[in-house]
Amino acid sequence: MGDGLFRKDEMYSIVLLYTAVGALAGILAGLLGIGGGLVIVPMLVFCFTWQKIPSDLMMHLALGTSMASIMFTAVSSFWAHHQRGAVHWMVVRRIVLGIFVGTFLGTCIAARLSTGLLKIFFVVFLYYVAIQMLTGRKPKGSRQLPGSFGMFGIGNVIGAISSLVGIGGGTLSVPFMIWCNMSVHHAIGTSAAIGFPIAVAGTVGYVYNGLGAAGLPPYAVGYVYLPALFGLVCASVLTAPLGVRLAHSLPVDRLKRIFAFLLLMVATRMLWSIL
């Protein structure tokens, strides 16, 4: 499989593998309320290693494919929040231009970084998220949302970081909105709506920047790997509601701490592979 050319039976196995990854990502997203990218990106790197995809393309493909999968899952998420009146569309309109610009520019930066540097950035982010989950600290509302220029700048930052780690931005946008005196309920709903433009701009950016890249495997459109995308989307859309139902019957706070330790282990493993 080293040349990236697969027989039909191998392709079926690959799609099944990514379907399993998507199923797990969907359950964890629904159960713990985490962004799917935190789970999907390291799993994709592991799968790409098994496929013997060139190491200098692994992180780019993982980030691009993660962004593309979020584009599908974000729709059902923000629509569910919208039906419950939890999306502040005025905030979405004010931040969306900055989101588009920052996310696309982030993909341009990512395309020019090595897999090693992208892994380091992702590892640092994983440590940050894990520590936040372990401590459970939440920002206190101490100010109001900034004006149009400030929202554009914040959108740039959230979009750029999200594109560099392959997430929908909730890890960044929810604390920001809570800090700006928005209720947790509305911060999560509004963040879900912001996740869609992040995913769209990220997908477009990774496709554009990956076109013509040397060594891409078959069925890759730029830095989006279609067999993985198909398996991820089909499974995660089906299993996310299961995760939500489990959240009402399992000790979620304890599971979040366990998952935080798992993130620390994944981050340390990726750091060790770099060193």
Side-chain angles (χ1 to χ4, degrees), residues 1-6 10-11 14-15 17-19 21-22 25 35-75 99-123 125 156 158-169 195-234 236 270 273-274:
M1 269 191 287
D3 58 1
L5 299 174
F6 311 118
E10 291 174 332
M11 182 53 67
I14 288 168
V15 172
L17 172 66
Y18 291 118
T19 301
V21 171
L38 291 176
V39 179
I40 290 171
V41 170
M43 285 187 172
L44 287 180
V45 171
F46 173 80
C47 294
F48 292 158
T49 302
W50 173 77
Q51 285 183 238
K52 295 184 172 58
I53 286 175
S55 60
D56 59 332
L57 296 173
M58 283 183 190
M59 278 300 292
H60 301 82
L61 284 166
L63 295 172
T65 306
S66 175
M67 279 294 194
S69 69
I70 293 169
M71 189 168 56
F72 291 91
T73 56
V75 174
I99 288 291
F100 275 125
V101 172
T103 305
F104 186 82
L105 289 178
T107 65
C108 295
I109 295 170
R112 288 154 180 79
L113 296 178
S114 67
T115 282
L117 287 175
L118 288 173
K119 277 188 176 181
I120 289 173
F121 193 87
F122 188 79
V123 163
F125 192 78
N156 269 263
I158 292 174
I161 295 176
S162 298
S163 66
L164 287 167
V165 292
I167 63 172
F196 181 68
I198 288 176
V200 171
T203 301
V204 171
Y206 277 112
V207 168
Y208 171 77
N209 286 287
L211 291 176
L216 287 173
Y219 312 109
V221 180
Y223 289 130
V224 175
Y225 186 48
L226 296 182
L229 176 62
F230 178 80
L232 288 171
V233 171
C234 289
S236 61
M270 291 183 73
S273 71
I274 299 168

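What you see below is based on every heavy atom in this structure, not just the backbone, and it leaves out hydrogens, waters and symmetry mates. This chain uses plain numbering: 1 for the first residue, then up along the sequence.
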Provide the closest heavy-atom pair for [X] versus [Y] in the form atom of the first, atom of the second, distance.
| X | Y | answer |
| --- | --- | --- |
| S162 | G168 | OG-C, 4.4 Å |
| A110 | L164 | CB-CD2, 3.7 Å |
| L61 | P217 | CD1-CD, 3.9 Å |

Test your reading of the model: is there a side-chain donor-acceptor pair from [X] to the backbone of [Y], 3.5 Å cut-off?
| X | Y | value |
| --- | --- | --- |
| T103 | F100 | no |
| H60 | L118 | no |
| T115 | S55 | yes |

**Asked** Is the number of heavy atoms from other residues, nucleotides or ligands under 6.0 Å of F121 CZ greater than 12?
**Response** yes
Any side-chain heavy atom of [X] within less than 4.5 Å of one from [Y]?
| X | Y | value |
| --- | --- | --- |
| T203 | T107 | no |
| M67 | I167 | no |
| L63 | S66 | no |
| L38 | V165 | no |
| I198 | S163 | no |
| V75 | F196 | yes |
| Y206 | T65 | no |
| S69 | I40 | yes |

**Item:** Spatial distance of atom CG (L117) from atom CE (M59) [nearest 0.5 Å]
**Value:**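 With rounding to 0.5 Å, CG (L117) is 10.5 Å from CE (M59).
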**Request:** Begin from the C-alpha positions of F125 and I161 and carry the test side chain to side chain contact (heavy atoms under 4.5 Å, CB included) through to its verdict.
**Result:** CA-CA 9 Å; F125 192 78; I161 295 176; 4.1 Å; yes
**Prompt:** Considering residues at least two apart in sequence or located in another chain, which fulfil the ring pair (Phe, Tyr, Trp, His ring centres under 6.0 Å) criterion with F48?
**Reply:**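 F48 satisfies ring pair (Phe, Tyr, Trp, His ring centres under 6.0 Å) with Y225 once adjacent residues are dropped.
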